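Reminder, nothing fancy here: chain letters follow the sequence lines and each chain counts from 1. Reckoned from all heavy atoms, side chains included, excluding hydrogens, waters and symmetry mates. Treat the numbers as computed from the prediction; the structure is a model and nothing was measured.
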Amino acid sequence: MSEKNISTNPASVVYKRCTVDLASGTTTFAQVPCKNLEDVLGGFGRSFQVLAERDIVEAYCPENPVILNTGLLTGTSIMTGMRSYFSGYSPLKKSGTGRPGAMWSTGSGNFGNKFKWTGLDEVIFENRSDKPVYALLKEGANGPEVELKPADHLIGLTGHAKIMALYQEYPEAHFAAIGPAGENWENNYMGAVVMSTDNELKSGEPKSRFAGRGGMGSLMGYKNLLAVVALSSDKLQKITPEIRDVNRDILKSGGSARFQPASQGGGGGTWANIEVLQVFHAVPLNNFRPKGNTDVERLFRDEVEKEFDIATEACHRCGIRCHNNLFYKNEDGSRGKLAAKFDFEPLILFGSNLGVHEPAKVCDLIHRCDLLGMDAISLGTTISYVLDYNERHPDKPLFNGATFGDYDKITELIEDAGRGKLPGIARGVKRLSEETGETAYAMHVKGLELPAYLPDTNPGYMFAIAGGHMSMGTHMMLAKEGKHSLDEWTQAITTGGLLQVGYDMIGLCKFVGVGIGHDIIVRALKEAAGIEIASEDILAAVRRAYLRGLALELRQGFHEEKEYTLPSQVMDDPNPEVTLPKFITNEFLGELRQRVWSVFKPEMEGLLPVRGE
Amino acid sequence: MQIKVKLYASLRRQKFDEADWEITPDQKIASIVEQLGLARQDVGTVLVNGLHAGWDETVAEGDIVSLLPRMGGG
Ligand code: SF4
């Protein structure tokens, strides 16, 4: 892989692709030379170039592929280097013209490592199988091999149960599976890909990780692809002194420290955000409408600790240990069974934002969503809309009439949505709000539901290309820095904010916490992948990859003014309870859009391939 | 002179929730944080009377200085 001047000679890096035709069962292997640095870095930087070559008018069509790939550092000994990526045109993200938007979704766990260690960098699943199958990716005597196997025995199982069933057959493998939500793809567009962790396989407890955003699990379901098994021997890269230094620097960086365990002096993961945002009454409550009260404080870590045993755990060999798993306490005080993973997004979106404040109930809701294999952000945010609608229309409520805090009825909604019985919810909040005619408080941008950061604080959501906080790093800017001028927001979106997506190319977690052009990243690429890329070249490649994604949105018909906006409640009815500056008006957004497009558009020219070439 | 210091999340767990604190006039926020025994890299946001403030700013008698840890999400 090593070549001195990668920036001017990306074709010297070659990756291994397998194309699987799910309709015929045939597989084709190819050595693909990289076209550019985005290809070299990998992840969505590579997959979006494949997607851009296709003319896709609806997500559920045979020509829309599921692309599974890795980043340059996946499978290396650089800390967190285990990401795998699922890309395709999303059933959930859709433009006003009805065309789907391109998406990627990513997760950790040990699946990415095992996949990379089969010798493959990318698998493109084409067409659809007429019977349920799983794909077995394995290393063979002469290189990687791929087989499709019948998956009838997996039908109807939760994502975790599918993983455990496959584990019986393949004890050396790791797994990516869909849950009942993905199987019910026609009525559920928010199916996640559930990925196994070492802890999960060892304990039998559902400690999976999720590639949740954009319904990539539903797309797998449409293709009748219920799971992917990555079977390879462990190929742990030798930890050289240089790699050890990189890992030490990752752990010591202030950026990752905030995600490290509270017991070790770290910030305790994203959970800590709740307490910080509450200082400004900016924690989503009752469909993103904080009331300025203390309701959310029952979900502070100290409160939850009274009831549950909190264990910080990690993916394979990761020292950041960002998972907060909650266990019930037995009567004698010992640790009981796993209750749920507890991080900021699910905690808020199934807790305060649904008006549910008892930790045990929040745990149960998260747990159900996870088992059914749905994206917690999309489901939580769509249900909060339903509850809001029902509160506004007590005499003509939607579905079972659930309102904020109605735990039993919310449970029903989750179960029914996950099993394909409530398409009204499981096709997402954009479609639902268009049906009800009440779009002002439907919390999505471009059809993707908003994560647990108020849109009132983040106009950057407009320019996120794959989910609000994963692809535009401005979601905390107002709370952190108080900045609210047009100049500051233009600058943030067009420079640092978009670089957030760089981690979704290189195979590391964002929780490494340093900028993508940081010396730590340059050294990691050099020491672990043997590839020298200057910081400015990394930054330029990430920028091009982001802008290609944006160009692809416009080509799929997203309207550059009407769809690059926020839910209108933010502008028309600002929340007086939030103590941060209220600066988002229609005029502000109009001016911001104009400024941002004027920076981006000239750079977007020529980034999309001419189809068919 | 006296100010009130409020700490949040991991900072609160390291030290205290809220305390009256003696400082010298003209003492900058960076120096107050140091005096509190907190690592500057652990503090992400400083508020003075609820408004964002910088390391080099000074405070007045009776001000409320809130210190928030670094935040991040995903
Ligand atoms: S940072 Fe968290 S999600 Fe990422 S590899 Fe480490 S433990 Fe896993």
Item to check | Side chain / backbone / both / neither for A:Leu580 at chain B, heavy atoms under 4.5 Å | outcome: side chain
Checklist entry - Could you walk me through whether B:Thr58 and B:Asp26 pass the side-chain hydrogen bond (donor to acceptor under 3.5 Å, both in side chains) check? => result CA-CA 6 Å; B:Thr58 53; B:Asp26 301 328; 5.6 Å; no
Checklist entry - Would A:Ser378 and A:Glu449 count as having a side-chain donor-acceptor pair, cut-off 3.5 Å? => result yes
Next on the checklist: Under a 4.5 Å cutoff for heavy-atom pairs, which residue among A:Ala479, A:Gly473, A:Gly467, A:Ala452 has the most contacts with chain B?
Outcome noted: A:Ala479
Checklist entry - Which atoms of A:Glu481 come close to chain B, meaning under 4.5 Å heavy atom to heavy atom: side chain ones, backbone ones, both, or neither? => result backbone
Checklist entry - Which atoms of B:Leu11 come close to chain A, meaning under 4.5 Å heavy atom to heavy atom: side chain ones, backbone ones, both, or neither? => result neither
Next on the checklist: So which atom in A:Gln500 and which in A:Lys510 form the shortest heavy-atom distance, rounded to 0.1 Å?
Outcome noted: O-CE, 3.4 Å
Next on the checklist: Is the ring pair A:His484/A:Phe583 parallel, tilted or perpendicular, if the boundaries are 30 and 60 degrees?
Outcome noted: tilted
Next on the checklist: Could you walk me through whether B:Trp55 and B:Val43 satisfy the side chain to side chain contact (heavy atoms under 4.5 Å, CB included) test, starting with their C-alpha distance in whole Å, then the side-chain angles of each, then the deciding distance to 0.1 Å, before giving a yes or no?
Outcome noted: CA-CA 10 Å; B:Trp55 293 110; B:Val43 179; 3.8 Å; yes
Next on the checklist: At a 4.5 Å cut-off on heavy atoms, which part of A:Ile377 comes close to chain B: side chain, backbone, both, or neither?
Outcome noted: neither
Item to check | Structural part of A:Val279 lying under 4.5 Å from a heavy atom of chain B | outcome: side chain
